[in-house]
Q: 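This structure is in structure tokens; I'll ask about it shortly.
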Amino acid sequence: MATLAMPQPRQERRSDDNFFLTMAFVMAGVLIAGFGLTLGMGRSTFSRPPIVHAHAIVFMGWMVIYVLQNWFATKGPIALHRRLGWLAMGWLALMLYLGTAVTVMNVRAGTVPFVFQPLHFLVFDPLSLIGCIALIGAGVSVRANTGWHRRLNYCGMALLVGPGVGRLLPMPLLIPWAYQSAFACIVSLPVIGMIADWRRDGRVHPAWWWGLGGILATGVLTDIISFSPIGLALYQAVTIGTPGAAVAPLAFPPSPLG
């Protein structure tokens, strides 16, 4: 930990700036494109319950915060970056609450998107948020070392890009591997960072391995819970007395496309 706390050399930090700021805009662009496409194609409407709109507003708010944090870290003022960082942690907690609430609402109503198994959906949505918070929390804990800080934060953000990626991919054609296909796109984001490091510095920063490990651990834990008696018990507890109880937990819902 003493090693992690050592400040990143100024030259190395400056060489990182363009990459992380650019990728912040790229990840934000993927999310905007994904949700914009869904809305434009009529697959989502403004008639959804208020909690869905609250979740969308908070989620998009986080996207703005992440881009601003990268902007302030590279362009300044750095003092504003530090102040906004504490707000960001509280914002993530709100995202976890609202994201989990919307997921549970869909599972109970039996309205899980047909490209996902309901039990898998119930687990991977909250766990993605928890994985994000864990990685960003780790990044905050080593904020004195910019190299570690920004890479762990980047990997945390990568876990939140899944919903945007899933809306851009031809998910119905990818069943039963729709989730895995979107997850592979998420994994590609830290790999891009590794390649950028190697091309620029001739080495891969060790923070990437920890960040990638955190992302992969989130995916593995998701499958362990989903396809175990623990997952089944969780699904039954969540759906008892609701329409979702009549839905097979690990069967793909019927496709509206036929």
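What's counted below: heavy atoms across the whole structure, side chains too, no hydrogens, waters or symmetry copies.
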Q: Mind listing the closest non-hydrogen atom pair of T222 and V123 along with its distance?
A: O-CG1, 3.8 Å

Q: Just distance, no hydrogens or angles: give the donor-acceptor pairs under 3.5 Å from side chains in residues 171-190, sequence neighbours left out.
A:
{"from": "S181", "atom 1": "OG", "to": "W177", "atom 2": "O", "distance (Å)": "2.7"}
{"from": "S188", "atom 1": "OG", "to": "C185", "atom 2": "O", "distance (Å)": "2.5"}

Q: Quick check: closest heavy atoms across V67 and A24, and the distance to 0.1 Å?
A: CG2-O, 3.8 Å

Q: Hey, could you give me the CG/CZ distance between N145 and R151, rounded to the nearest 0.5 Å?
A: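 Those atoms lie 9.0 Å apart.
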
Q: Below 4.5 Å, heavy atoms only, C-beta onward: do L232 and S228 meet side chain to side chain?
A: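 Not touching, per the 4.5 Å side-chain cut-off.
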
Q: Within the structure provided, determine whether I225 and L127 are in side-chain contact (heavy-atom separation under 4.5 Å).
A: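 The answer is yes; the side chains approach within 4.5 Å.
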
Q: Using the side-chain contact (heavy atoms from CB on, under 4.5 Å) rule, take C155 and L212 through it: C-alpha gap first, then chi angles, then the decisive distance, then the call.
A: CA-CA 7 Å; C155 290; L212 178 59; 5.7 Å; no

Q: Side-chain atoms of residues 55-62: list all donor-acceptor pairs with protein atoms under 3.5 Å, sequence neighbours left out, distances to 0.1 Å.
A:
none

Q: So how far is it from I32 CD1 to M27 CE, rounded to the nearest 0.5 Å?
A: 13.0 Å

Q: Write down the atom of G139, the atom of N153, and the distance for their closest heavy-atom approach.
A: CA-OD1, 3.8 Å

Q: Any side-chain heavy atom of R48 sitting closer than 4.5 Å to one from M105?
A: yes

Q: Considering only heavy atoms from C-beta outward, does the side chain of L152 approach that of M157 to under 4.5 Å?
A: no

Q: Is there a continuous path of hydrophobic side-chain contacts, each under 4.5 Å between heavy atoms, that joins V64 to I136?
A: yes

Q: Taking the six-membered ring for Trp, are H205 and W148 closer than 6.0 Å centroid to centroid?
A: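 Ring-ring flag for H205/W148: true, centres closer than 6.0 Å.
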
Q: Within the structure provided, determine whether L135 and I215 are in side-chain contact (heavy-atom separation under 4.5 Å).
A: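 Yes, their side chains come closer than 4.5 Å.
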
Q: Looking at every heavy atom in both G34 and R167, which two are closest together, and how far apart are they?
A: O-CB, 3.4 Å

Q: For the atom pair CG (L21) and CH2 (W71), what is the distance rounded to the nearest 0.5 Å?
A: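 Between atom CG of L21 and atom CH2 of W71 there are 6.0 Å.
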
Q: Ignoring hydrogens and geometry, is there a side-chain-to-backbone donor-acceptor pair from R108 to V104 under 3.5 Å?
A: no

Q: Could you state whether I78 and Y66 fall into the same hydrophobic cluster, counting links through intermediate Ile, Leu, Val, Met, Phe, Trp or Tyr residues with side-chain heavy atoms under 4.5 angstrom apart?
A: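 Shared cluster, no.
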
Q: Indicate yes or no for a side-chain donor-acceptor contact from Y235 to the backbone of G244 under 3.5 Å, with no hydrogens or angles considered.
A: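 Here the side-chain-to-backbone pair exists.
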
Q: Find the distance between OG (S128) and CD1 (I133) and round it off to the nearest 0.5 Å.
A: 11.0 Å

Q: Just wondering, do S226 and F124 contact through their side chains at under 4.5 Å, heavy atoms?
A: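 With C-beta onward as the side chain, the pair stays apart.
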
Q: Is there side-chain contact between K75 and D17, with heavy atoms separated by less than 4.5 Å?
A: no

Q: Suppose we screen for side chain to side chain donor-acceptor pair (under 3.5 Å). Which residues come up paired with T218, at least two apart in sequence or across chains?
A: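 Partners of T218 by the side chain to side chain donor-acceptor pair (under 3.5 Å) criterion come out as none, since no residue qualifies.
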
Q: Who pairs with D125 by salt bridge (Lys or Arg N to Asp or Glu O under 4.0 Å), at least two apart in sequence or on another chain?
A: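 D125 satisfies salt bridge (Lys or Arg N to Asp or Glu O under 4.0 Å) with no other residue.
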
Q: Supply the atom-to-atom distance N18 CG to R200 CZ, rounded to the nearest 0.5 angstrom.
A: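 Those atoms lie 9.5 Å apart.
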
Q: Can you confirm whether more than 12 heavy atoms, excluding those of Y97, are under 6.0 Å from its OH atom?
A: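 Result for OH/Y97: open.
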
Q: Which pairs count as side-chain hydrogen bond (donor to acceptor under 3.5 Å, both in side chains) when at least one residue sits in residues 206-216, sequence neighbours excluded?
A: D197-W208

Q: Okay, side chain of D201, backbone of R203: is any donor-acceptor separation there less than 3.5 Å?
A: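 Between the backbone of R203 and the side chain of D201 there is no qualifying donor-acceptor contact (under 3.5 Å).
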
Q: For a ring-ring contact (aromatic ring centres under 6.0 Å, His included) with F20, tell me which candidate from F72, Y154, F25 qualifies.
A: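 Of all the options given, the one that passes is Y154.
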
Q: Do you reckon I230 sits in the same ILVMFWY cluster as V220, going by side-chain contacts under 4.5 Å, direct or chained?
A: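 I230 and V220: separate clusters.
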
Q: When you measure from the side chain of H81 to the backbone N and O of Q69, does any donor-acceptor pair fall under 3.5 Å?
A: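 Such a contact is found between H81 side chain and Q69 backbone.
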
Q: For the residue pair F35 and P163, what are the closest heavy atoms and their distance?
A: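 In terms of heavy atoms, the two residues are closest at CZ-CB, 3.9 Å.
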
Q: Minimum heavy-atom separation for V102 and I51, please, with both atom names.
A: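 Smallest heavy-atom distance, with atoms named: CG2-O, 3.9 Å.
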
Q: Could you pull out every donor-acceptor pair under 3.5 Å between side chains of residues 111-122 and any protein atom, sequence neighbours left out?
A:
{"from": "T111", "atom 1": "OG1", "to": "N106", "atom 2": "O", "distance (Å)": "3.3"}
{"from": "T111", "atom 1": "OG1", "to": "N106", "atom 2": "OD1", "distance (Å)": "3.2"}
{"from": "Q117", "atom 1": "NE2", "to": "L250", "atom 2": "O", "distance (Å)": "3.1"}
{"from": "H120", "atom 1": "NE2", "to": "D223", "atom 2": "OD1", "distance (Å)": "3.0"}

Q: Side-chain heavy atoms under 4.5 angstrom apart, residues restricted to Ile, Leu, Val, Met, Phe, Trp, Tyr: same cluster for W91 and W86?
A: yes

Q: Under 4.5 Å between any side-chain heavy atoms of T100 and M95, yes or no?
A: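 A side-chain contact under 4.5 Å is absent here.
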
Q: Nearest 0.5 angstrom please: L87 CG to I65 CD1, how far?
A: 5.0 Å

